[in-house]
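Here's the structure, in structure tokens; my notes come after.
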Number of protein chains: 2
Amino acid sequence: MTAAHGFEQHNHATCIRDGLQVAERICAERGLQLTPVRRRVLEYLLGEHRALGAYEILDRLRGEGLGKQPPVAYRALDFLVSHGFAHRVEKLNAFIACGLPGQRHDPAFLICSSCGTVAEALSNSQSDSLAQAAKASGFAIKRTVIEAEGTCPSCTDAEEAPCD
Amino acid sequence: MTAAHGFEQHNHATCIRDGLQVAERICAERGLQLTPVRRRVLEYLLGEHRALGAYEILDRLRGEGLGKQPPVAYRALDFLVSHGFAHRVEKLNAFIACGLPGQRHDPAFLICSSCGTVAEALSNSQSDSLAQAAKASGFAIKRTVIEAEGTCPSCTDAEEAPCD
DNA sequence: ATACACCTGTTATTGTATAACATCCAGCTT
DNA sequence: AAGCTGGATGTTATACAATAACAGGTGTAT
């Protein structure tokens, strides 16, 4: 994976197709059920390089007759997150497809507050100051939340453009 | 500041007294008003090395007749956070007193999921992998969220105790 | 006296999340 | 075949988090 997939130009159709394919393979391997609701929610997430709120997802499910009540969306999201197909972005109380599905890893996110794009990067938890502090105080880390809010390259360029 | 204040044994009374004193001095210097509500909320936060939710704070304010409605608590918290006397812990949707009041810094938190204690450490945003990824992709960071969930030294000891 | 900035009070609403219980179905057991 | 079981889904109700919008109050400066 590149440093922070999401900002570069890319053929977006492959994001969805490949992501779905990988998820199907992994579910088959592990005996997990990628049911219609779960599959559809994963497609929503793969379709955007931004985080979707649970209620935005619920609205889409409603539109397709796949569910009406909040627990439907939250259950699908729980499944996707707990099996490594999606992440929760704490800063946004929202969810995004994982860029490294099925592999246990600590994600880091770069969140553009201008256009809403969220890019996933890999955190190197062991070398970071957080891990240093934990080690120094005898704290055993289970999970890390590493997120940055700021401005992505495109929006920076747009701001700096001489004529607007 | 130590690596992660909050886990060690300490005379807790001084946390509150010193924190309040520093806040008063800073407010005086900067012409900020540490009103009764704001002061009291800061005392609540200083009184615990864990994060308090806005509604838990509101309940306490209600108990003292200092406010009845959510905006009262949120305004006080906004004041404390925006002037560097408290932080928001994104993972918990809750608030904690700042360990380095009045100084602009990027906090990092170690959250014990067993006892709820939250320790503040300093993140070294520049050297961390997040900053590396941002630099590599041309992303300009405005604010970072660095939090770890895990088990604090005391709870680790308790789990490992041979007789329970 | 009045204008302004700032703090507080209140109503109403929106957004996020989960507890608890009912139902359904596929696959296995007896 | 009947029954059990685990996992998935359906539904109601509620709790927790946050803010918009407007009203009122208090101090200071001009």
Side-chain angles (χ1 to χ4, degrees), chain A residues 23-24 27-28 30-42 44-45 50-83 85-96 113 116 145 147 149, chain B residues 23-24 27-28 30-42 44-45 50-83 85-96 113 116 145 147 149:
Chain A
E24 274 165 357
C27 285
R30 305 186 187 170
L32 303 172
Q33 304 183 41
L34 192 61
T35 62
V37 176
R38 293 170 176 175
R39 185 190 163 95
R40 207 72 190 91
V41 172
L42 179 56
Y44 300 154
L45 296 178
R50 67 183 179 96
L52 296 180
Y55 281 69
E56 183 171 353
I57 286 167
L58 179 57
D59 282 345
R60 298 196 190 187
L61 289 174
R62 279 197 181 114
E64 305 187 43
L66 281 172
K68 292 187 170 59
Q69 304 302 331
V72 175
Y74 281 102
R75 282 169 186 154
L77 288 165
D78 281 350
F79 172 87
L80 295 174
V81 168
S82 66
H83 292 99
F85 302 122
H87 298 293
R88 183 183 159 79
V89 183
E90 299 294 339
K91 185 73 216 295
L92 303 175
N93 289 339
F95 301 83
I96 190 164
S113 40
V145 176
E147 301 173 1
E149 211 186 336
Chain B
E24 274 166 357
C27 286
R30 305 186 187 170
L32 303 172
Q33 302 184 41
L34 193 60
T35 63
V37 177
R38 293 169 178 177
R39 185 191 164 93
R40 208 71 190 91
V41 173
L42 180 55
Y44 299 154
L45 297 177
R50 66 182 180 98
L52 295 181
Y55 280 67
E56 184 171 352
I57 286 166
L58 180 56
D59 281 344
R60 297 196 190 188
L61 290 173
R62 277 195 183 117
E64 305 187 43
L66 282 172
K68 292 189 172 55
Q69 306 302 333
V72 175
Y74 281 103
R75 283 169 186 153
L77 289 165
D78 282 350
F79 172 87
L80 296 173
V81 168
S82 65
H83 292 99
F85 301 122
H87 297 293
R88 183 184 157 77
V89 183
E90 300 294 339
K91 185 72 217 291
L92 304 175
N93 290 340
F95 302 84
I96 191 164
S113 41
V145 175
E147 301 172 2
E149 209 187 338

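Numbers restart at 1 for each chain; the letters A, B, ... are given by sequence-line order, proteins then strands.
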Under 4.0 Å protein heavy-atom contacts per nucleotide of nucleotides 17-28 of chain C, with B for base, S for backbone only and - for none: BBBB--------

Leading and trailing nucleotides of DNA chain D with any atom under 4.0 Å from heavy atoms of chain B: D:dA17 to D:dA21

Atom pair CZ (A:Arg88) and NZ (B:Lys91), whose distance is rounded to the nearest 0.5 Å: 8.0 Å

Euclidean distance, atom CZ of residue B:Phe79 to atom P of C:dC6 [Å, nearest integer]: 12 Å

Gap between atom CG of B:Leu77 and atom CZ of B:Phe95 - 0.5 Å precision: 5.0 Å

Point-to-point distance, once rounded to the nearest 0.5 Å, from CZ of B:Phe85 to CG of B:Leu45: 12.5 Å

Side-chain (B:Arg38) to main-chain (B:Ala76) donor-acceptor, under 3.5 angstrom: no

B:Leu32 CG to C:dA5 P, straight-line distance once rounded to whole Å: 17 Å

Spacing of B:Leu52 atom CG and B:Ile57 atom CD1 [to the nearest 0.5 Å]: 5.0 Å

Distance (rounded to the nearest 0.5 Å) between A:Leu58 CG and A:Tyr74 OH: 9.0 Å

Integer-rounded Å distance: C:dC7 P and B:Leu34 CG: 11 Å

Whether A:Arg40 side chain and A:Leu61 backbone form a donor-acceptor pair below 3.5 Å: no

Interatomic distance, B:Arg62 CZ vs C:dG9 P [rounded to whole Å]: 12 Å

Distance, rounded to the nearest Å, where B:Leu61 contributes CG and C:dG9 contributes C1': 13 Å

Side-chain donor/acceptor of B:Glu147 to backbone N/O of B:Val89, under 3.5 Å: no

